[in-house]
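Some notes on the structure that comes next.
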Amino acid sequence: MPGSDAVPYRFDRTAEAAELQERHSELEVGASSGEHVAVAGRVMLVRPQGRLAFATLRDSSGQIQLFALQAQTADFDAFARLSLGDWVGARGPVVRTRKGELSVQVETWELLARARRSFGDKWRGVTDVETRLRQREVDLWANDATRRVLLLRSRLVRTLRHQLEDRGFIEVETPVLHPIPGGATAKPFVTHHHALDTDLYLRVAPELYLKRLVVGGFEKVFEIGRVFRNEGLSPRHNPEFTMLELYQAYADYHDLLVLVEQLVAMLAIDVCGTTSLTYQGRPLDVAPPWRRASMAELIAEATGQPADVHTPPDVLRVRVAAAGIDPDPSWGPGKLLLELYEKTAEPALWGPVFVTDFPTEVSPLARRHRDDPELAERFEGIVAGRELVNAFSELVDPDDQRARFEAQAAAKAAGDEEAMAVDEGYLRALQYGLPPTGGLGLGIDRLVMLFADVANIREVIAFPTLRPERPPT
RNA sequence: GCGCCUCUAGCUCAACGGCAGAGCAACGGACUCUUAAUCCGCAGGUUUCGGGUUCGAAUCCCGAGGGGCGCACCA
């Protein structure tokens, strides 16, 4: 009924729980501080006891107890009947009870919102994964770990942003709706713009637009944003995820190696207090310098037999087949080498390690290696056994870029849904001149997983992708 | 997309072919220092849904739906 649940429009809070706990940590048992405060938050527990009552109040800073006496608290009976989950504001002096709990002794209070649904078992909380993920508001209320992970994520992104700004990078925003999906080999989501009557694609990467900004004269740019890939879900993959992309003019991939290891180590210290981490029970130290090893080197190490992009394709094909993969006839030596690496060397990598010098054939946006045109100046950073970062010296030659696009387009025509298309707008931009530039993409979600020591990507995303719910109850 | 597992009260879980239950939450009551307060009482169900087997199904079988894990694709 309208009015029956009438609650105020605002509440003048004067103090937060954590601040009071700190300020009155020395307050003696049974004493009153004399400080009158107004606190607000959610009722976590209620312990009515005849003519007095206790409640545990949580706000975003922490918890504090509310202590009510029938003789001194307005609407005492209603206070003692508060439900778990109700939001209240309370005013009164800060005291420490006879049993030693710092409390606000409630003189007046207001119901700010009633919890009309129960939030679950007060001791065991909510553990059902579906409830936790679909109703994250309940999960956050019930589970401290969820709150901590999302706060860690917030802090990490904030620090990353400040670090980049301190290094002279500017943050920019580029389109999410792309007429031509590009910047990564991935299957895009398609949507439709009615007024323009044209299909648009949700971006799989901001890369091409960011490099166009470098062409335009922004020498150090970054974007932290959502990208979308129309692929399966797994503990390490969500269809929308957050990526840092960064471009630095006059730098090559060697410069980026150093930047990445410095940034990751600095972030580890900021959010974990150390570079010496443990991920899922396994130690990992992200202090620089990280190991550098070429793809060819790692294959030789893992298999005992050397292989590189100049190994005869027939030999590579046999070795790929021996590794348990059926090679497609269209694969060139570069693709064969990549498959061999991914099957034999990559699974054993824990890191942190930079895998360098990928074949040009599988790196359509990367510049050719200064010592070998069949290789690209590209690296992936493997941390905790996963690809965390992908970077390269950017391809600046518009003619070579056109040839690479055309090779991609041919693969797309042959049925590769993840291959790129020719992007004439980007080629035109390159013709205006892209200076030597280093660029990188780094998965923010995976970095948060690493620092929070969680195994599933959904734990670091407030509202991960799930199959739509049918009849909501 | 494929395989395996799973779904019981608002939450956490029992019952595993023979009367659907407990704790917490909710609701009513007692209690002047509690900390998952305690105690008494009351209520709570189409056992995810639809078929089938059976004298009898939450339980066994088939199908659908949701979820989990693994594989594949990718970061």
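Proteins get letters first, then strands, A, B, ... in listed order; numbering begins at 1 in each. Nothing here was measured: the structure is a model prediction, and the numbers come from that model.
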Nucleotide nearest [X] when distance is taken to its side chain, options [options]:
X      : options             : answer
A:E231 : B:C73, B:G70, B:A25 : B:C73
A:L52  : B:A75, B:U32, B:G67 : B:U32
A:Q65  : B:U32, B:U35, B:A36 : B:U35
A:I457 : B:U35, B:A75, B:G66 : B:A75
A:R47  : B:A37, B:G28, B:C73 : B:A37
A:E418 : B:A26, B:U32, B:C73 : B:C73
A:V126 : B:U32, B:C11, B:A75 : B:C11
A:R98  : B:A75, B:C33, B:A72 : B:C33

Look at [X] together with [Y] and state whether they make a salt bridge at an N to O cut-off of under 4.0 Å.
X      : Y      : value
A:R161 : A:E171 : yes
A:R203 : A:E245 : no
A:E261 : A:R292 : yes
A:D445 : A:R153 : yes

[N]: pairing nucleotide in any strand, Watson-Crick or G-U under 3.5 angstrom:
N     : answer
B:U8  : none
B:U35 : none
B:U53 : none
B:U59 : none
B:A14 : none
B:G3  : B:C69
B:A20 : none
B:G28 : B:C40

When we call it a touch if two heavy atoms are under 4.0 Å apart, what does [X] touch: a base, just sugar-phosphate, or nothing?
X      : result
A:L45  : sugar-phosphate
A:N456 : sugar-phosphate
A:E101 : base
A:Q70  : nothing
A:R386 : nothing
A:L233 : base
A:G443 : nothing
A:P48  : base
A:S83  : sugar-phosphate
A:N390 : nothing

Nearest-angstrom distance, [atom1] atom, [N] to [M]:
N     : M     : atom1 : result
B:C42 : B:G28 : P     : 15 Å
B:U6  : B:A22 : P     : 26 Å
B:C24 : B:C19 : P     : 25 Å
B:G23 : B:G44 : P     : 16 Å
B:U47 : B:C11 : P     : 16 Å
B:U32 : B:A25 : C1'   : 26 Å
B:A15 : B:G21 : C1'   : 7 Å
B:G45 : B:U8  : C1'   : 9 Å

What is the separation between atom [atom1] on [X] and atom [atom2] on [N], rounded to the nearest whole Å?
X      : N     : atom1 : atom2 : result
A:M44  : B:U35 : CE    : P     : 17 Å
A:E240 : B:A75 : CD    : P     : 17 Å
A:L450 : B:A75 : CG    : P     : 18 Å
A:D128 : B:G66 : CG    : P     : 15 Å
A:R134 : B:C7  : CZ    : P     : 18 Å
A:D77  : B:C31 : CG    : C1'   : 14 Å
A:R132 : B:C7  : CZ    : P     : 19 Å
A:F54  : B:A36 : CZ    : C1'   : 15 Å

Handout entry: A:S60 backbone acceptor or donor facing A:R147 side chain under 3.5 Å
Key =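 Answer holds: no.
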A:R386 and side-chain contact (heavy atoms from CB on, under 4.5 Å): which partner among A:R236, A:E380, A:E346?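 Answer after filtering A:R236, A:E380, A:E346: A:R236.
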Q.
Check this for me: does the side-chain of A:D121 come within 3.5 Å of the base of B:G23 through a donor and an acceptor?
A.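 Under the 3.5 Å cut-off, the side chain and the base do form a donor-acceptor pair.
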For the side chain of A:Q49 and the base of B:U32, is some donor closer than 3.5 Å to an acceptor across the two?
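A donor-acceptor contact between them is absent.
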Positive for ring-ring contact (aromatic ring centres under 6.0 Å, His included) with A:H178, one of A:F228, A:Y426, A:Y209, A:Y201: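 The passing option is A:Y209.
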B:A25 OP1/OP2 closer than 4.0 Å to side-chain N/O of A:K122
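Yes.
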- Are OP1 or OP2 of B:U12 and a side-chain N or O of A:T127 less than 4.0 angstrom apart?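 Result: yes.
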- prompt: Which atoms form the tightest heavy-atom contact between A:A113 and A:V7, and what is the distance?
  reply: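 Closest heavy-atom pair between A:A113 and A:V7: N-CG1, 4.1 Å.
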Checklist entry - Which sits closer to the 5' end of RNA chain B, A:L82 or A:L69, going by the nucleotide each is nearest to? => result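 Residue closer to the 5' terminus by nearest nucleotide: A:L82.
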Note to self: Please verify the inter-ring angle class for A:F358 with A:Y341; under 30° counts as parallel, over 60° as perpendicular, anything in between as tilted.
What the structure shows: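 Correct class here is perpendicular.
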field: Ring center gap for A:F54 and A:F67 short of 6.0 angstrom
entry: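 Yes; A:F67 has its ring centre under 6.0 Å from that of A:F54.
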